[in-house]
Amino acid sequence: MVRFLHTADWQIGKPYNRLPEGQKRFRLQQERLQVIGRIAAVAHQEQVAFVLVAGDLFDSPTVPADAVLEVLEAVGTLAMPVLVIPGNHDHGAPGSVWHRHDFLRQQQRRAPNLVLLLERQPLLSEAAVILPCPLLRNQDSADPAAWLHSFDWSTLPADLPRIVLAHGGIQGFSGRDYGGTCGGDEEAPAGAVNRLNLAAIDATQVDYIALGDWHNGQQVSPKGWYAGTPEPDRFDQGDDNQRGQVLVVEVNRGDAPQVAVIPTGRIGWHSLRFHFSADNDLDRFERLVRQRIADRVARDLLRLEVSGSLSLAGHARWNRLMADLRDQLLRVRVKGHCDQAPGEEELAALVGRNGDPLIAAVAQQLQQRLQQICLVESPQGNGSEAAGGTSPDPASQEEAAILRLALCELHRLAAAAEA
Amino acid sequence: MRLLHCRVQNVRLHAELALRFDPGLTLIGGGNESGKSTLVEALHRTLFLKASAAGAPVEALRSHLHAGHPTVEIGFETAADRWTLIKRFSGASGSATLRSEAGELLHGPAAEERLAALLAVGETLGGKQMARLPGRWAHLWVTQGRGGDNPLALDGDTYELNTLIERLEASGGAALQSGHDQRVAARLDEILAETFTAKKGEVRRQSALWAAQQAAHSAGNELEQARDRLLCFESASDELAQLEAALDQLQTVTLPERESQRRALQRAGQRTERLRHDLALRSRELEPLRLQHQALLERSSKLLDLSSAIRQRQQELQQVQASVLEGRRQQELIEAEQQRVQASREALAAQRQALEQRGQLVSRLLNRARLESERLQILSTLQQRQRQAEARRALERQLAELPPVGEAELRRLRDLERAAGEARVRIDSLAAGVELLRSDLPVLVNGQPLQPGQDCQLTQVAELRVGEGVRVRISPGGGQALAEGQRVLLERSAAFAAALAALGLNDLDSAEQLALQRAALLQQLAGQAAGSSAANANLESKLESTLEERRLEAIALDGAALEQELESLASVQREEEGRDPLPCDQEGLDRLHRQLQQTYQLSIAPFRQAEQELGQLRQRLEITRNGLESALRRQAQLDTEIQLQQQRQLELLADHGNAEALAAALAASAAERASAESGLTSLQAELTALEGDNGPSAIEQLDREIGRLQEECLALTARRGAAVERCEAMASGDPYAVLEQAQALLESAEAELASIRRHCDARLLLRQLFTQAQADLSSRYSEPLAAAVDAYLAPLLADAARCRLRFDPATGFSGLQLRRGDAHYDFAALSGGMREQLSAALRLAMADVLKQAHGGCLPLVFDDAFTNSDPERVTGLQAMLSTAVARGLQVILLTCSPADYASLNGHQIRLDAPGQARHPLNP
């Protein structure tokens with residue numbers, strides 16, 4: 001019986017370029033390093049024999065030298081072997097970080113317990129046999145575990161548990177599932193490269209398949225598990241996301257593995273869809289956000305998919321709300337538009353300007369056009385989040401947005417002229 | 001405002017003119033120069049000019065007939081009050097008084113100011129402002145000649161545009177854009193002008209939209225660069241991977257393989273060396289065996305050769321001996337035959353010689369006979385020729401004796417005779433003829449009597465005597481010519497006679513006879529010449545005679561030679577004549593000669609055959625003799641050879657005793673040699689197999705290849721070092737992170753651009769809607785006014801004509817058009833009459849709208865305003881004016897033909913009627 005810790009996709013050095021503020025970016029980057037400390041704590045607490053990192057330890061094969069140093073220092077604190085294979089982000093091609101002089105030198109000095117597996121051949125230890133499937137090319141269409149398809153298993157000790165260590169998508173997941181579930185924040189969906197064919201490996205001959213690449217933890221076969229990333233780095237796609245954890249695994253030769261999920265994540269990545277049909281939807285929206293984030297500061301990121309529109313006053317409140325959230329959170333990413341359109345009263349004030357016939361006539365025109373589009377797009381108004389249903393025609397949506405904007409502009413100009 | 005009355009003093013022709021105006025229509029009639037227009041001008045200037053004004057408009061009012069300053073009094077009412085205005089135009093001292101019924105009394109500037117307020121014109125005009133005078137109420141008052149003007153061509157201020165708009169809005173519920181509207185629209189334009197150029201609507205440089213576009217563009221470029229950089233890194237990385245793989249392949253596979261090959265080759269080389277040594281040894285051992293066997297083989301084969309050679313020679317000897325016997329027999333046979341043929345040949349030769357001698361004799365005799373005959377022939381020819389020459393000479397003598405009368409002489413004689421004849425005829429033609437027919441008296445001519453019936457010719461003056469008493473001189477015609485003719489006749493007759501005498505002839509006939517005789521002789525001579533053998537020349541015949549003489553000499557010589565030869569053959573001749581007498585004539589000899597020739601020819605063939613046969617026999621004999629001799633020599637040679645070979649055979653067999661022993665020794669030697677050779681062959685095969693490609697050259701080649709591979713290793717290592725460096729250099733900027741950053745930048749730039757663009761689109765939409773709304777608004781003003789114009793025009797136009805005009809808040813009304821049928825015509829394109837009527841209708845319609853601002857009434861003045869209108873339209877015009885009056889307007893119509901408007905219900909005034917000028921102010 002051997003007990004070990006399975007993790008993957010640390011993605012150290014991820015730049016988080018889409019965060020506009022440098023401080024917050026740094027915060028996220030730091031969190032990815034600090035999670036190693038938390039992993040170390042779990043490893044010690046769970047008394048595991050070794051740690052398996054199933055690829056993508058670094059975010060890129062050209063990660064900066066300071067990030068390398070920090071990783072090595074952190075790994076060095078684990079008083080046990082840390083077995084690492086390169087993944088698609090930090091593939092093992094010559095010229096990549098794994099071959100760099102700074103890495104090789106510093107690894108010897110700071111993390112001699114880090115075992116880099118660049119060859120596809122069994123690694124025998126006292127407790128287990130590790131069968132590494134490192135990715136050695138950036139875009140390799142070959143299955144990195146192909147060497148196990150026709151492996152002569154009789155060459156291995158019969159009593160030691162056999163653990164496959166691999167990185168990549170697996171056959172059986174459709175590209176959409178894979179990309180959609182894992183895509184998160186602007187991550188390009190993985191293609192057909194590095195696809196693993198687990199079915200081709202004799203299941204009776206292995207005891208556990210430690211997988212990396214998919215950032216959500218999930219069991220994909222009786223013996224195959226994705227560990228997920230220990231610290232989330234993308235917006236979640238649903239409630240059942242298993243992110244921010246490591247797996248502690250107990251395995252015996254010939255027995256089913258015992259897997260325990262231990263949370264390690266600290267940063268909250270939230271996704272929210274919301275449709276505004278009236279100003280009082282703002283209250284509901286605030287409540288929802290509070291449910292998710294409570295009053296935490298600088299520990300969460302929020303992705304909002306908004307639609308609908310608010311009155312000018314409502315929109316002003318929305319803007320204040322957004323500003324507050326941007327202060328409180330590491331990032332607020334808004335997709336779609338919460339359009340502003342004069343509310344009924346505001347509109348009536350524009351249209352009903354008897355003294356200003358031009359403004360009134362123009363406002364009326366805009367309003368009529370807007371109503372026509374709205375009638376075509378959604379015969380019955382539906383005002384709550386995730387109520388999109390049929391997706392509206394983008395062209396007419398854009399036209400409606402422009403009409404609303406024109407109304408707002410007219411409102412603003414009229415108010416300014418009066419002042 | 002309504003005019004009530006007026007009093008005009010000292011204004012041009014008017015000393016004093018007082019008028020009362022009807023509240024509705026006032027018709028002022030008067031002929032030309034009756035002062036209608038002066039009246040209108042006086043009223044207009046009084047209302048709108050300052051009393052203190054100076055200049056042309058004021059000067060124009062001044063009267064040259066009447067003393068005193070122009071002074072005008074006007075009574076009018078407004079909504080609130082009735083007013084009397086009095087202005088005296090006396091330059092700077094001019095006075096203005098305004099008094100109301102309510103008791104208000106104003107003077108000077110105060111009066112002017114109040115007046116302007118009452119008329120709603122801002123101010124009365126003076127000084128420099130006077131240029132504006134014609135514009136005052138130009139939309140209401142039509143001065144003479146301006147009836148066809150377009151009121152909308154006036155400035156908006158002139159026709160009280162703002163008041164018009166206000167009234168239109170007040171009456172029709174229309175609303176013009178407010179100031180607030182305008183400010184918003186202007187602000188919108190300003191905002192848009194910050195982003196777009198006014199002319200082409202292009203995006204302005206440095207505007208926010210432009211900046212966003214630039215930012216998006218440069219972010220796109222940066223993304224491209226980041227991608228390129230990443231590609232560079234990846235390709236460098238790939239290259240490094242390939243280098244490593246190649247190096248690995250070289251170091252772990254190719255080089256070790258080559259080295260093991262080299263070792264194997266070296267081992268093979270050593271084995272080869274050993275084999276070669278063995279081979280050399282064996283080869284040396286084999287050599288004596290081979291020699292021994294060779295010697296035995298040679299000896300054995302020599303013995304065999306010798307036996308067969310002896311056998312051959314013995315056979316040949318037998319054949320040679322037989323041929324010797326045969327040769328000898330043949331020789332004898334040929335010799336006998338030769339003797340026989342020799343004898344027959346000699347007999348034939350003797351016979352031939354006798355024949356030859358006979359032939360020669362006959363031939364000589366024949367020649368002699370021929371020569372004799374030729375000699376005789378030549379002699380006869382010579383004699384004949386001599387005879388011919390004599391005959392010719394006789395003829396030539398005869399010819400010489402005759403006088404030389406030829407053809408030419410004869411012709412000349414004839415010519416002379418004819419010339420004399422002609423001269424005579426000429427004289428005869430000139431002569432006078434006299435014929436005596438009957439006379440009883442003697443008649444004498446020149447003394448010669450003339451008988452009756454006789455005539456005579458007179459060629460010269462002659463005397464005719466008849467009897468004694470009559471003497472007549474007759475002169476023939478021609479005068480001088482007759483004498484000349486006689487002279488010529490004498491000359492020619494003398495010449496003819498002389499010619500005859502020169503030839504010794506009497507007359508022409510004898511000359512002709514002589515000529516004939518000569519010709520006959522010449523012909524005869526010619527015929528003889530042709531008859532002689534050589535024809536023409538004596539010289540030639542002479543030459544021939546000479547040749548023939550020479551030939552005779554030759555024949556004589558030949559004859560002599562022949563005689564000698566005949567003498568030598570005399571014995572033959574005798575012998576011959578003894579046998580048979582020889583013929584003497586040529587023919588007989590000839591025949592005998594031919595006979596002898598034939599006999600000789602026949603004897604030639606047998607002689608030659610005998611000679612030929614003899615030659616052949618000699619040759620055969622020679623051949624037979626030679627063959628016999630060579631056979632005898634060969635026989636001796638063969639005997640010797642056989643002896644020698646038999647001797648040698650014995651010598652060869654001497655070492656081995658006999659042939660069987662020799663064969664056994666040979667077999668043993670062959671076996672020994674074969675075994676040694678097979679051992680050698682197997683060694684050779686082994687060596688060949690080893691040597692193959694693996695010779696020293698193969699090792700050298702392999703060494704070279706190993707060297708090359710090692711160099712390649714070094715080169716690859718160097719390249720790998722460079723590639724590693726390049727990779728690290730490129731990786732140092734973390735190209736993946738840079739790419740991600742560039743993508744993020746592009747996204748935010750594009751989002752920003754989209755947002756700005758959307759704002760711009762919204763503003764553009766707003767401006768478009770504003771412009772559209774402004775256009776919509778304008779029609780709300782133009783349409784009611786047009787409808788009012790249409791109402792006024794209705795009585796004038798049978799069809800439902802409609803007018804159209806445009807309104808623009810900035811520039812006012814414009815674009816006045818009239819629709820006739822389906823087409824719209826611009827005001828300027830209408831006829832003069834139609835322009836007057838449309839203009840009047842528009843003025844009335846405007847006044848209709850404006851009147852509310854003027855106390856419910858406005859006065860309109862038409863001074864000869866319808867001069868171009870048809871008389872048929874007058875009724876319509878009247879209806880139009882009546883409508884205006886009915887709607888509360890005041891109309892003052894000034895016309896030269898007041899009768900046209902007589903039916904109008906209104907106050908009528910005639911300026912040219914006496915006493916009319918002093919019309920009481922208060923009726």
Side-chain angles (χ1 to χ4, degrees), chain A residues 13-20 58-65 67 89-97 99-102 136-139 186 188 334 337 353-366 369 398-399 401-410 413-414 416-418, chain B residues 174-188 191 230 233-234 236-245 720 723-724 726-728 730-745 747-748 758-759 761-766 768-770 772-774 776-777 780:
Chain A
K14 191 177 174 83
Y16 293 105
N17 274 310
R18 285 174 176 77
L19 265 70
F58 290 115
D59 185 57
S60 87
T62 54
V63 71
H89 272 265
D90 56 352
H91 59 81
S96 65
V97 58
H99 299 269
R100 256 159 44 188
H101 295 304
D102 60 334
L136 300 175
R137 293 270 183 285
N138 182 20
Q139 304 227 317
E186 296 90 24
V334 182
H337 298 281
R353 277 176 181 264
N354 287 329
D356 303 320
L358 276 189
I359 295 175
V362 171
Q364 204 165 5
Q365 271 280 327
L366 290 169
R369 290 196 196 180
E398 178 67 14
E399 194 187 341
I402 289 174
L403 286 167
R404 283 192 201 98
L405 206 53
L407 268 174
C408 296
E409 189 73 3
L410 182 60
L413 285 169
E418 265 171 353
Chain B
L176 183 62
Q177 58 181 351
S178 64
H180 191 217
D181 279 336
Q182 279 175 343
R183 280 194 298 280
V184 168
R187 179 65 193 137
L188 186 61
I191 292 172
L230 185 60
F233 167 74
E234 283 177 350
S237 168
D238 283 351
E239 193 197 342
L240 185 57
Q242 282 164 10
L243 285 172
E244 296 220 317
R720 182 179 60 177
V724 165
R726 199 158 59 244
C727 261
E728 286 186 355
M730 282 176 184
S732 70
D734 198 354
Y736 289 93
V738 170
L739 177 65
E740 207 182 308
Q741 170 116 38
Q743 277 165 341
L745 263 176
E747 272 167 31
S748 86
R758 185 180 287 176
H759 270 86
D761 287 347
R763 284 168 185 150
L764 287 169
L765 174 65
L766 267 185
Q768 184 203 333
L769 291 175
F770 260 85
Q772 196 182 322
Q774 282 169 336
D776 288 348
L777 274 184
R780 293 199 213 165

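A, B, ... follow the sequence lines: proteins, then strands. Residue 1 opens every chain.
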Peer 1: Just give me the residue among B:Gln768, B:Glu239, B:Arg763, B:Met730 that pairs up with chain A most often, heavy atom to heavy atom, under 4.5 Å.
Peer 2: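 Most heavy-atom pairs within the cutoff with chain A belong to B:Arg763.
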Peer 1: What distance separates B:Leu765 CG from A:Glu399 CD, expressed to the nearest 0.5 Å?
Peer 2: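 Answer for the CG-CD pair, B:Leu765 versus A:Glu399, is 8.5 Å.
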Peer 1: Hey, does A:Asp90 have a side-chain heavy atom less than 4.5 Å from the side chain of B:Tyr736?
Peer 2: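 They are not in side-chain contact.
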Peer 1: Chain A heavy atoms under 4.5 Å from B:Glu244: which part of the residue, side chain, backbone, both or neither?
Peer 2: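 The side chain, not the backbone.
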Peer 1: Any donor and acceptor pair, going by atom type alone, linking the side chain of B:His180 with main-chain N or O of A:Ala414 inside 3.5 Å?
Peer 2: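 Yes, the answer is positive, given that a donor and an acceptor are paired below the 3.5 Å cut-off.
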Peer 1: Using heavy-atom distances under 4.5 Å, tell me whether A:Asp102 contacts chain B through its side chain, its backbone, both, or neither.
Peer 2: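 Answer is neither: A:Asp102 stays 4.5 Å or more from chain B.
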Peer 1: I need the A:Leu413 CG to B:Arg183 CZ distance, nearest 0.5 Å.
Peer 2: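 Interatomic distance, A:Leu413 CG to B:Arg183 CZ, rounded to 0.5 Å: 12.5 Å.
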Peer 1: Go through the atoms of B:Gln743 and report whether side chain, backbone, both or neither lie under 4.5 Å from a heavy atom of chain A.
Peer 2: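 Answer is both: backbone and side chain atoms of B:Gln743 are under 4.5 Å from chain A.
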Peer 1: Below 4.5 Å from any heavy atom of chain A, which atoms of B:Glu728 appear? Answer side chain, backbone, both or neither.
Peer 2: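 The answer is the side chain of B:Glu728.
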Peer 1: Looking only at heavy atoms and a cut-off of under 4.5 Å, which of B:Glu234, B:Arg187, B:Arg720 has the most pairs with chain A?
Peer 2: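 Counting heavy-atom pairs under 4.5 Å, the top option is B:Glu234.
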Peer 1: Which answer fits A:Arg137, side chain, backbone, both or neither, if we ask what part of it has an atom under 4.5 Å from a heavy atom of chain B?
Peer 2: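 Interface part for A:Arg137: side chain.
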Peer 1: To the nearest 0.5 Å, tell me how far B:Asp761 CG sits from A:Leu405 CG.
Peer 2: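 With rounding to 0.5 Å, CG (B:Asp761) is 9.0 Å from CG (A:Leu405).
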Peer 1: Tell me which of these, A:Ala93, A:Gly13, A:Ala416, A:Ser60, has more heavy-atom pairs under 4.5 Å with chain B than the rest.
Peer 2: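 If we count pairs closer than 4.5 Å to chain B, A:Ser60 comes out on top.
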Peer 1: Among B:Gly733, B:Cys727, B:Ser237, B:Ser748, who wins on heavy-atom pairs under 4.5 Å with chain A?
Peer 2: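 Most heavy-atom pairs under 4.5 Å with chain A: B:Ser237.
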Peer 1: Side chain, backbone, both or neither: which part of B:Arg758 has a non-hydrogen atom closer than 4.5 Å to chain A?
Peer 2: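 Contact with chain A involves both backbone and side-chain atoms of B:Arg758.
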Peer 1: Given a strict heavy-atom distance threshold of 4.5 Å, which part of B:Ile191 is in contact with chain A: side chain, backbone, both, or neither?
Peer 2: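 Just its side chain gets close to chain A.
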Peer 1: Any donor and acceptor pair, going by atom type alone, linking the side chain of B:Asp181 with main-chain N or O of A:Leu358 inside 3.5 Å?
Peer 2: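 Yes, because the side chain of B:Asp181 sits within donor-acceptor range (under 3.5 Å) of the backbone of A:Leu358.
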Peer 1: Under a 4.5 Å cutoff for heavy-atom pairs, which residue among B:Leu243, B:Leu769, B:Val724 has the most contacts with chain A?
Peer 2: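 Winner by heavy-atom pair count: B:Leu769.
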Peer 1: About how many Å separate CG of B:Leu766 and CD1 of A:Ile402, when rounded to the nearest 0.5 Å?
Peer 2: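 Going from CD1 on A:Ile402 over to CG on B:Leu766, the span is 11.5 Å.
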Peer 1: Highest number of heavy-atom pairs under 4.5 Å with chain B: which of A:Pro64, A:Pro61, A:Ala401, A:Ala363?
Peer 2: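 Among the listed options, the one with the most contacts to chain B is A:Pro61.
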Peer 1: Which one wins on heavy-atom pair count under 4.5 Å against chain B: A:Pro94, A:Ser96, A:Gly95, A:Ala406?
Peer 2: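 If we count pairs closer than 4.5 Å to chain B, A:Pro94 comes out on top.
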Peer 1: Under a 3.5 Å distance rule, please check whether A:Asn17 uses its side chain to pair with a backbone N or O of B:Ala742 as donor and acceptor.
Peer 2: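 Side chain of A:Asn17 to backbone of B:Ala742: no pair is present.
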Peer 1: Which residue out of A:Gln364, A:His101, A:His99 racks up the most heavy-atom pairs below 4.5 Å with chain B?
Peer 2: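 Most heavy-atom pairs within the cutoff with chain B belong to A:His101.
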Peer 1: I need the minimum non-hydrogen distance between B:Glu740 and A:Tyr16, along with the two atoms involved.
Peer 2: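 Scanning both residues completely, I find the closest heavy atoms to be OE2-N, 4.3 Å.
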